[in-house]
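Below is one structure; the comments refer to it alone.
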Amino acid sequence: MSETKKFLYVNRKAPYGTIYALEALEVVLIGAAFEQDVSLAFLDDGVFQLTKGQNTNGIGIKNFSPTFRALGDFEVTKLFVEKESLEERGLTADDLQEIMYEDEDDDWEEKPSIKLVSRAEMADVMADQDVVLSF
Amino acid sequence: MSETKKFLYVNRKAPYGTIYALEALEVVLIGAAFEQDVSLAFLDDGVFQLTKGQNTNGIGIKNFSPTFRALGDFEVTKLFVEKESLEERGLTADDLQEIMYEDEDDDWEEKPSIKLVSRAEMADVMADQDVVLSF
Amino acid sequence: MSTLHTVNKSPFSTQSLQSCLNHCKDGDAVLMIEDGVYGALTNSNMSKQVQTKAGNVTIYVLSPDADARGLIGDKLLGEVIAVDYAGFVKLVTKHDRTQNWL
Amino acid sequence: MSTLHTVNKSPFSTQSLQSCLNHCKDGDAVLMIEDGVYGALTNSNMSKQVQTKAGNVTIYVLSPDADARGLIGDKLLGEVIAVDYAGFVKLVTKHDRTQNWL
Amino acid sequence: MKIGVVVSEGPYTHQAADSAYHFVKAVLDSGHEVPRVFFYHDGVNVSSRLTIPPQDERHIQNNWTNLAKEHEIDLVVCIAAAQRRGLLDANEANRQGKDANNIADGFRISGLGQLIEMGIQTDRLVTFGD
Amino acid sequence: MKIGVVVSEGPYTHQAADSAYHFVKAVLDSGHEVPRVFFYHDGVNVSSRLTIPPQDERHIQNNWTNLAKEHEIDLVVCIAAAQRRGLLDANEANRQGKDANNIADGFRISGLGQLIEMGIQTDRLVTFGD
C-alpha cells in the first residue's frame, strides 16, 4: 500500500468500566503495521487511561496500562492529551505515566510521546486528519 | 404469594436510542400479574418515554409509547414524573401523553395516572419502597 | 477543509454534545442523530448554547430520529436544519471527514 | 429507614452521580463503584459538591475499583470512606434498600 | 439475609458481570445467601458457552458456572431478552427451528416473572448494569 | 465515493446497528459505494444467526444479510472481539473445540487489519456506536 493517511484514534472513555479503551488499543497495535501517520487523542474521560499506579488485582481484570509504554516500539509516538480534560478531573501531567520513544531522526534520542495540548490545539489536531476513529 | 411489597421501577433513559425503556416496560407488564404495590418513576431522560406524537416509521423500530396508555388495565396507575426533569428539557405536562385509569374504589371514575412531583417529592417516593429496579 | 460531527447521545445525560461543541471549528457541521436529537429541543437548558454555536457551525438533526421522539414543529430550534438519511449521506460526502462523538 | 445508592459511572461523562446526589436523603449512603469511583477524586470540578454532600450522606468508594484506576492516597477525598467487597455487602444489609443509578 | 442480584450488561464490554461476580462471592463469604442471579438486557450474553477470552483474561462465563455449581445459585436468563440477542438452549433451538444453541451449563432460561419473584422473596436486590 | 462503516454496538440494545443499516441503504441509493462494514466491540453480536426478535419487530441480522447479498457488501466481524463475546463460524468452532457456531450467512470473521484497510481504501469513514 503506497498511500499514507493521517489516522486519529480518539479516546474519550475511562478504562475497565467498559472495554472501549482496551479494544481501541488493540486497533492501534494492529494498525501500526500499516505504516500510516498515526496520532492518538486523549480527552474527556480518556485521559484516565494514561494514569500512573493502576492496580487491577482486586477486580480480576488485566491491567493494560503498561501497553501504552510499548507504543514507541510500534512507532506510535504522538499521544495528544488535553490539558482542560486533566484539569477538570484534578489531574496534572505528573499523574500520567511517562511514555517515551526513541527518535530515529535524532540519533535515537529518548523523547516523550505525550504532548499536552489545549482544547483549541486538540481541535486543530482533529481537523488535520484523514480518518478519525472514535472509541 | 401472600406478601405484598412496594416495587418502584425507575426510568432514567430515553426511548429508542437504547432498549432499556422498552425492556423496563416489559418487566412492568409481567410484574403486574404478581399483585404487588407498583409505582413507576420517570426522571432525567426517562421523561422522554412519555412524550406525545412519537412516530417511529422512519427508523423501523416499533413505537411502544401507546403501551403506557394500557397500563391502567393492568392496575399500574402510579406514574410519578419529575417536574424539574421536564423543565430542564423544555417540556411541560402538555407534552406528555394523557394516561388514565378507572378507579375501582371511586365508582370507576377516570383519573390521570401521571402524577407530577417535585425533585424532593420524587426522593420521598424513592425512599418509600421495598424494591427498586433501575433501568 | 471541514468536518461533519455526529452526536448520538442526549445532552442531558452525557457530555458528548458539550465536548463536540467545544471542539468543532467554524465551518464544520454537527448532525444530531439517535438520542442526540434532544439537543435540538426548544426551551431546554441546552437550547441557548446550541443557538449560539449555530452562528459558526451548521447544526442539523436527523428527522427520522426526531420524529421517532416526537420532536416536530415548535419543539425544534429554528436554528437547526432537519435532514433525512439522504441528507446525512450528502453531509458525509460534502465534508472532508466525519468524527463521531460516541 | 435508609437507602444505599450505588453509582457506577464517571461524573465527568454522565449525570448519574449528579442525579443520585439530587435524590438521596440525609442518612443515606452513596457507594461509588466501577467508573463511578472518579467521583471521589480530589481537586476535580466535582470535588466540592461531593465534599459538601458528605455532611448529610455517607460517601463510600469501592477500593478494588479505586485501586484499578490508580485512585489512592491523596487522590481520594478525605470525606470518602474506602470499603472492599465485604464492606459493600455490609452496606447492602445495613440499609433498607439499594438503589442503583445506572 | 437473602440478596437477589440482577446483571444487565454483557461480558467484557461492561464491568457489570465482573462486579456482580465479586459481589456475590463476598455475599456468600459473609454468610448471607444469593438464591438467584437474574440476567437481563445484554446481561443474557454472559450465559454463552461459546466465548473464548484471551488466555491472560478471566473467563466470565466459567466463573459464573463454577460459582453457581458450588453454591447452588439459580442463574436465570430472561427468555425474551435472550431471544432478541441470540441466546438459546437446546429446547428453545428445537422449538424455534434454529440449528444451534449456545447456553452454558449452570444457566437456565426462564421468564421475567422470575425477576419479580426474586424481588418478592429476597431481602435486598442489587443491580449491576450500565 | 467510497464510504466505510463501523458498527460498534449490539443489535436491539443500541440503535447503532439500525442507524448504520438505514445509512448504508441511503449511501447506496445516492449512487455511492459501501465496500465494507466492520463490526467491532459489541457490534459483533449483530452477526448471530440465532436471534429471534418478536414478530412485530425488525430482524436486524436478516436485514444486514439481505442488504449485503444484494449489494455485495463485505460484512466483516472482528475476530478478537467476536471470540470474547462468543461469536464463531464453523472453522473457528472446530479449531477452538467448541460444539456450536452461530455466525449468519453474509458475515465473515477476520482481523482488525480489515478495519485499518477500510480506513485507507475508502474516502470517508462513519462509526455508529454508543
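These numbers come from a predicted model, not from an experiment.
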Criterion side chain to side chain contact (heavy atoms under 4.5 Å, CB included) on C:His5 and A:Met126, from CA distance to verdict: CA-CA 11 Å; C:His5 303 264; A:Met126 290 172 168; 6.0 Å; no
Heavy atoms of other groups near A:Lys111 NZ, more than 12 under 6.0 Å: yes
Largest heavy-atom contact set with chain C, pairs under 4.5 Å, which of A:Leu133, A:Asp130, A:Leu43, A:Val131: A:Leu43
C:His23 vs A:Glu82 side-chain heavy atoms within contact, under 4.5 Å: yes
Whether over 12 other heavy atoms sit under 6.0 Å from A:Glu121 CD: yes
Residues, nucleotides or ligands: over 12 heavy atoms within 6.0 Å of A:Lys5 NZ: yes
Enclosure of A:Glu98 CD (heavy-atom neighbours >12, cutoff 6.0 Å): no
Test log, rule side chain to side chain contact (heavy atoms under 4.5 Å, CB included), inputs C:Met1 and A:Asp128: CA-CA 9 Å; C:Met1 298 286 280; A:Asp128 186 40; over 6 Å; no
Heavy-atom proximity to chain A below 4.5 Å, by part of C:Ser16: both
Closest contact, heavy atoms only, C:Thr98 versus A:Val132: O-CB, 3.9 Å
C:Arg97 side-chain N/O to A:Gln129 backbone N/O, donor-acceptor pair under 3.5 Å: yes
C:Ser19 side, atom OG; A:Arg119 side, atom CZ - distance, nearest 0.5 Å: 6.5 Å
Donor-acceptor contact present, side-chain A:Ser134 to main-chain C:Leu102, <3.5 Å: no
